[in-house]
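Labels below follow one simple rule: chain letters A, B, ... track the order of the sequence lines, proteins then strands, and each chain is numbered from 1.
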Number of protein chains: 2
Amino acid sequence: MAMSDTLKAISDPVRRKILNLLKDESKPAGEIAAQFALTPATVSYHLKLLKQANLITERREKNFIYYDLNASVFEEVLSWIYSLGIGGESDDKK
Amino acid sequence: MAMSDTLKAISDPVRRKILNLLKDESKPAGEIAAQFALTPATVSYHLKLLKQANLITERREKNFIYYDLNASVFEEVLSWIYSLGIGGESDDKK
DNA sequence: TTTCTATTTTGATAATTATCTAAGTAGATA
DNA sequence: TATCTACTTAGATAATTATCAAAATAGAAA
């Protein structure tokens, strides 16, 4: 079920952008929400899904809630993709 | 838009299973459909989405329609995942 | 301890996606 | 050319997901 959660989480562009935002440093929810033309409530909903998929963790500081990227759950996805035989190996005739 | 299509396509377990089925050899639609407790129409719908995402190609032979895996489109997804910094690099303290 | 700030949760609605049945199509076979 | 086989497409419905506005919460600040 883990991989299904991961893939469902990253199938949405808003959630992918959130992950991109957290790539270099953690950010509070408000700062994340400010990057979208969506209400804080909606962004919070996306954060919840990402949290459930274990792609981010949260940490409270003052009354901000900081989110951190946890990219380690991608390992399973990578394994699956590689199991299908990737790398353009059938394309080396050029 | 390409990556969005790819990720949306593989976010569904039925479609991932189809890709798994095509991993080693191409198969006709009927044989694929037989692997699911779904109507041929529904499986055809999933095949259409995979085709649109360029994850499979089709080829007619007699009156069978064979589907082939095209895993090369995963390259973009892999790049994105790696750009987030993968490999459990923050986990090497064990 | 009241109020303010940052954010989440709830409840409702809209939008999208998956599924089915029935009808259509392309090509092989009789 | 009529029919059969292997599918797809269309149309309808159910299920899921994304969104918002309004209310709730947790902790900081006054």
Heavy atoms from C-beta onward define the side chain here; which of [options] lies closest to that of [X]?
X     : options                : result
B:N63 : D:dT9, D:dT8, D:dT5    : D:dT5
B:F64 : D:dT19, D:dC7, C:dG27  : D:dC7
A:T42 : C:dG27, D:dA29, D:dT19 : D:dT19
B:T39 : C:dT5, D:dA21, C:dT21  : C:dT21
A:Y45 : C:dT17, D:dT19, D:dC7  : D:dT19

Mind checking B:K51 for me? I need base, sugar-phosphate or nothing, with any heavy atom below 4.0 Å counting as a touch.
->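 No contact.
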Base, sugar-phosphate, or nothing: which does B:Y67 touch, judged by heavy atoms less than 4.0 Å apart?
-> sugar-phosphate
Gap between atoms [atom1] and [atom2], on [X] and [N] respectively (whole Å):
X     : N      : atom1 : atom2 : result
B:L50 : C:dT17 : CG    : P     : 14 Å
A:I65 : D:dG27 : CD1   : P     : 9 Å
A:I10 : D:dA18 : CD1   : P     : 14 Å
A:E61 : C:dT7  : CD    : C1'   : 15 Å
A:L47 : C:dT7  : CG    : P     : 10 Å
B:L38 : C:dA18 : CG    : P     : 11 Å
A:E58 : D:dT25 : CD    : C1'   : 13 Å

Dot-bracket encoding per residue of DNA chain D, Watson-Crick/G-U cut-off under 3.5 Å, | denoting interstrand = ||||||||||||||||||||||||||||||
Do B:F36 and B:L49 sit in the same hydrophobic cluster, where Ile, Leu, Val, Met, Phe, Trp and Tyr count as joined when their side-chain heavy atoms come under 4.5 Å apart?
-> no
Between [X] and [N], does any side-chain N or O lie under 4.0 Å from OP1 or OP2?
X     : N      : answer
B:R60 : D:dC7  : no
A:S44 : C:dT8  : yes
A:H46 : D:dT17 : no
B:K8  : C:dT16 : no

Where do A:Q35 and A:L21 come nearest, in terms of heavy atoms and distance?
-> CG-CD1, 3.7 Å
Pair B:R16-B:S11, side-chain donor/acceptor within less than 3.5 Å |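 Side chains of B:R16 and B:S11: no pair found under 3.5 Å.
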DNA chain D: A:K62 or A:D12, which has the more 5' nearest nucleotide?
-> A:D12
Output the residues of residues 27-35 of chain B in contact with DNA chain D, where contact means a heavy atom of the residue under 4.0 Å from an atom of the strand; sort by number or write none.
->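 When residues 27-35 of chain B is checked for heavy atoms under 4.0 Å from DNA chain D, the hits, listed by number, are B:P28, B:A29, B:G30.
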